[in-house]
2 protein chains.
Amino acid sequence: MLGISKSTVSRALSEHTDVNAETRQRVIEVARKLNYAPNTIALNLKQQRTNIIGVIIPETVNRFFAKAIGGIQRIANLAGYNVMICQSDESSTTEKNNLQSLIAAHVDGVIISVSSETDHTDHFDALLQRNIPVVFFDRISESLQTSQVVTDNYEIAFEGTEHLIAQGRNKIAIVAGPLNLYVSKHRFQGYADALKKHNLPLRDEYIIHSNFHNSDIEAYTKQLINLPERPDAVFAINDYAAIEMMYHFKKHGIRIPEDIAMLGFNNENICKFVEPPLSSIELSSYDLGTTAAELLLRQIKGSRELEKKLVKSKLVIRESTAGKKS
Amino acid sequence: MLGISKSTVSRALSEHTDVNAETRQRVIEVARKLNYAPNTIALNLKQQRTNIIGVIIPETVNRFFAKAIGGIQRIANLAGYNVMICQSDESSTTEKNNLQSLIAAHVDGVIISVSSETDHTDHFDALLQRNIPVVFFDRISESLQTSQVVTDNYEIAFEGTEHLIAQGRNKIAIVAGPLNLYVSKHRFQGYADALKKHNLPLRDEYIIHSNFHNSDIEAYTKQLINLPERPDAVFAINDYAAIEMMYHFKKHGIRIPEDIAMLGFNNENICKFVEPPLSSIELSSYDLGTTAAELLLRQIKGSRELEKKLVKSKLVIRESTAGKKS
DNA sequence: ACCGATCCCGGGAACGGTCTCTATAAAATA
DNA sequence: TATTTTATAGAGACCGTTCCCGGGATCGGT
C-alpha cells in the first residue's frame with residue numbers, strides 16, 4: 001500500500017532505529033487501519049520458540065492441582081506465555097503421551113507433577129535430551145537432576161503426628177498414599193519418625209495404603225473399627241479420605257474427637273463445615289505453582305543452574321483433633 | 001543422506017503414492033534412525049492451523065469446570081488436538097485478554113463458558129469476524145448466534161423445587177447466583193414457576209443472590225434465621241453454599257431436615273459424607289465438555305450449521321430433603 | 001521406430017515474518 | 001572538489017514443511 005518493502009515495514013513496527021520517523025508513522029497508521037497483527041506462527045518458526053509452557057498434572061479435578069494451575073498461569077501470562085495443560089489421569093502411559101504431545105507442540109518448557117503410577121522416569125529423558133527446561137513440583141522425580149519445588153512433607157507430617165500425640169493419642173493410624181510417590185513416602189516417614197521419637201510402635205495394622213481416588217475408604221474404615229486395639233487417631237493423607245472416614249466412624253457410633261481424633265491434609269474449604277470441623281494441613285499449592293513457573297521462566301531465559309525450592313505448609317487445628325476425654 | 005530431494009522425503013513420509021516403494025522404505029528407515037519428527041510449527045505455518053483448541057472458563061478450582069475440562073481434553077486428544085486453557089477468574093476483562101491470547105496463538109477453535117461478570121458480548125465478535133469456530137457451554141451468551149451446549153437448568157430447578165414441595169415444604173428459600181448469568185436466570189425461573197404452579201408466593205426475603213465464591217453465606221444464613229417467618233427449605237445453587245449453610249443452621253440448633261430441608265446443586269462427592277447427606281442435582285459436566293468438544297470439532301472440520309445440545313441432569317435424593325416431621 | 005502414458009523424482013514457490021547485507025543519496029568532512 | 005560518513009531503504013536468505021509443476025526414464029502399443 002505504501003510502496004515500500006516488507007523489510008521496512010518490519011523495522012517500522014519493531015523498535016528498530018534504521019527507519020525514517022515519518023515513514024514509521026505512516027506504517028503504523030496503515031497497520032492500525034488494517035487491524036494488522038503479526039502472525040505468531042511465522043514468528044514461532046523464525047525464532048524457534050512458541051511462548052507456550054506445558055504442564056502435566058495428574059488431574060484437574062484434584063483441587064490441589066487446580067490451584068497450582070492457577071498459580072502457574074498467573075506467572076506465565078504475566079510473562080507473555082500461554083499454558084498448555086495435560087492430565088495424566090494418574091496413568092504412566094498417558095503421562096508419556098502427554099509428554100510427546102508437548103514436545104511435538106514445541107513448548108518452551110514443561111512443569112510436571114508425576115502420576116501416582118509412575119515408578120520409572122525414562123520417559124522424561126526425552127526432555128533433557130532436547131534441552132527443554134523442566135521443573136518438577138510436589139510429586140517430583142528424585143532420580144532426575146532437575147529444578148524442583150516441594151513442600152516440607154516430612155516436617156509437617158512429623159508436626160501433625162506430634163500434635164496428635166500431644167492430644168493424648170498413642171494409637172495413631174495413617175492413611176498413606178502409594179509409597180512410590182515422593183510426597184507419600186516423605187509424609188509417611190515424618191509420621192513414622194514422630195512415633196519413634198515418642199517411643200510409640202509403628203504397627204502394620206495401622207497403616208493403610210489407599211490410592212488417590214479414595215475408592216476403598218469404607219472397607220478400610222471397617223478394618224480399623226474391627227481391630228482388637230482400635231486406633232484413637234487417624235492421620236489421613238487427604239481431606240476427602242478423612243471426611244469419608246469420619247462419616248463411617250460416626251455411623252458406627254464412634255465419636256470424633258472423643259474416641260478417635262482425625263487429621264486431614266490439604267485444608268480444603270469444606271474442612272470448616274463438616275462435623276466436627278476437620279483439622280488439616282494447609283498446603284499452599286497456588287504458591288507451589290507460582291514458584292514452579294518462576295523457576296521455569298528463569299531456565300527458559302537461559303539460566304542453567306538447578307534450583308530446589310521449599311514451600312512451607314501449616315498445621316490448622318480445629319475440633320476434630322481436640323484433646324482426649326475419657 | 002540418501003541423495004534425494006526433500007520433496008521425495010516429504011512424499012515418502014506422508015501417505016503419498018508418488019514414490020517408489022523401495023525408496024520409501026529407505027527414507028522411513030533413515031528417519032527412524034535419526035529420530036526424525038516433523039516440525040509442527042513449520043507445519044502450522046504451512047497449513048494455517050495449529051491443532052490447538054482454546055478453552056476459556058471461569059475457574060479450574062471450580063470442580064464443575066475441572067470435570068468439563070476433562071471431557072474436552074478427552075475428545076480433543078483423541079482427535080489429535082491439544083488444549084489451551086485460560087481462566088477468566090470470573091472477570092470480564094481478563095476474559096477479554098484470554099480471548100486475545102487465544103486468537104494470537106491461532107487456535108483452531110474456542111470453547112467458552114462466560115464469567116459471571118460478563119453482561120455484554122462485544123468482545124466475542126472478534127471470533128466471529130475471523131471465522132473462528134466457537135462453542136459456548138453451560139454459561140452461554142444468549143445474544144450470540146453460535147453453537148452451544150447447556151443443561152436443562154429450568155426443568156431440573158423446577159423438579160427440585162417440586163420435590164421440596166412434595167416433602168411438605170411451602171416456605172422455600174433460594175440461594176441464586178447472579179441473574180445476568182444464563183444458568184442462574186433459568187434455574188431461578190424454574191424455581192419461581194414451580195412455586196407458582198403450586199400457588200406458593202414468591203417472596204423477596206427468601207431470595208438470596210450470592211456470588212460464586214460463597215463469601216457471605218454466613219451472613220445470609222443469619223438473615224434467613226432471623227426472618228419472622230423462617231423458611232422450611234433452602235434450594236442452594238451450589239453444594240458448597242448448601243453445606244456451609246447447613247453448618248450454620250446446625251450451630252443455631254436448627255435441625256436438618258426436620259426444621260429446614262436442604263437441596264444443593266452439582267452433586268459433589270462430599271454430599272454423601274456430610275451430616276445429613278445432602279440431596280443435590282447431578283450435572284454431568286464431563287458430558288457437557290465432551291459434547292462441546294464434539295460440536296467444535298465438527299465445526300473445525302467445516303460444518304457451518306449451528307447446533308444446540310442439551311445434557312440432562314438428575315435429582316439425587318438423600319436425607320437432607322427427607323419428609324417433614326413436626 | 002515412434003509416441004503416449006505411467007512412474008518417480010527434483011525444483012522451487014509458498015506460508016509470514018526477521019534479519020543481514022548491500023545500495024543509494026544526502027550530508028559531512030578533508 | 002573529492003571522499004568518507006550517515007541515514008534510510010530494498011533484496012533476499014532463512015525457519016521447515018507441503019505441494020504444484022515439470023521433466024526424465026521406462027514401458028507398452030502400434
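Because the structure is predicted, anything quoted here is derived from the model rather than measured. All chains are named by letter (A, B, ...) in the order of the sequence lines, taking the proteins before the strands, and each is independently numbered beginning at 1.
Two end axes, each from the C1' atoms of five base pairs, can be drawn for the helix from C:dA1-D:dT30 to C:dA30-D:dT1; they diverge by 70°, to 10 degrees.
Rounded to an integer number of Å, the gap from CG of A:N44 to P of C:dC15 is 18 Å. Per the geometry, CG belonging to B:L13 stands 13 Å off P belonging to C:dC9, to the nearest Å. Taking atom CG on B:D18 and atom C1' on C:dC7, their separation rounds to 7 Å, with Å as the unit. The CG-P distance, from A:N20 to C:dA26, rounds to 14 Å in whole Å. Spacing between atom CG of B:L34 and atom P of D:dG16 amounts to 15 Å, rounded to whole angstrom units. Rounding to whole angstrom units, CD1 of residue A:I41 and C1' of D:dG16 are separated by 14 Å. Between A:L43 atom CG and C:dC15 atom C1' the separation is 13 Å, expressed in whole Å. Note: CG (B:L2) to C1' (C:dC9) measures 13 Å, nearest angstrom.
For the pair B:T8 and C:dG10, the criterion of a side-chain N or O lying under 4.0 Å from OP1 or OP2 is met. A close approach under 4.0 Å does occur between a side-chain nitrogen or oxygen of B:Y36 and OP1 or OP2 of D:dT17. Note on B:Q48: every side-chain N or O is 4.0 Å or more away from OP1 and OP2 of D:dT18.
Between A:E90 and A:R139 there is a salt bridge, with a side-chain nitrogen of the basic residue lying less than 4.0 Å from a carboxylate oxygen of the acidic one. The existence of a salt bridge linking B:R298 and B:E307 is confirmed by a sub-4.0 Å separation between a basic side-chain nitrogen and an acidic carboxylate oxygen. Residues B:E142 and B:K185 are paired through a salt bridge, judged by an N-O separation under 4.0 Å between the basic side chain and the carboxylate. Ion pairing between a basic and an acidic side chain is recognised when a charged N comes within 4.0 Å of a carboxylate O; A:E22 and A:R26 show such pairing.
Taking every heavy atom of both residues into account, A:V61 and B:K67 meet most closely at CG1-CG, 3.4 Å.
Remark: the B:S7 side chain and the C:dG11 base include a donor-acceptor N/O pair separated by less than 3.5 Å. Below the 3.5 angstrom threshold, one finds no donor paired with an acceptor across the side chain of A:S5 and the base of D:dA9. A donor N or O paired with an acceptor N or O is found under 3.5 Å between the base of C:dG17 and the side-chain atoms of A:K6. Counting atom types as modelled, B:K46 pairs no side-chain N or O with a base atom of D:dT17 as donor and acceptor under 3.5 Å.
Residue contacts shown for A:N39 are limited to sugar-phosphate atoms, with no base heavy atom under 4.0 Å away. Using a 4.0 Å heavy-atom criterion, one finds that A:T23 contacts the sugar-phosphate atoms exclusively. In this structure, A:A21 reaches neither bases nor backbone, as no heavy-atom distance under 4.0 Å exists between it and the strands shown. If you check every strand for non-hydrogen atoms under 4.0 Å, A:I4 touches sugar and phosphate atoms only.
Taking the six-membered ring wherever Trp is involved, the centroid distance between the rings of A:F124 and A:F136 falls below 6.0 Å.
Residues satisfying the salt bridge (Lys or Arg N to Asp or Glu O under 4.0 Å) criterion with B:R49, sequence neighbours excluded, are absent altogether.
With hydrogens and angles left out, the side-chain atoms of A:D89 and A:S91 include no donor and acceptor closer than 3.5 Å.
Nearest-nucleotide positions on DNA chain D place B:A37 closer to the 5' end than the other of B:R11 and B:A37.
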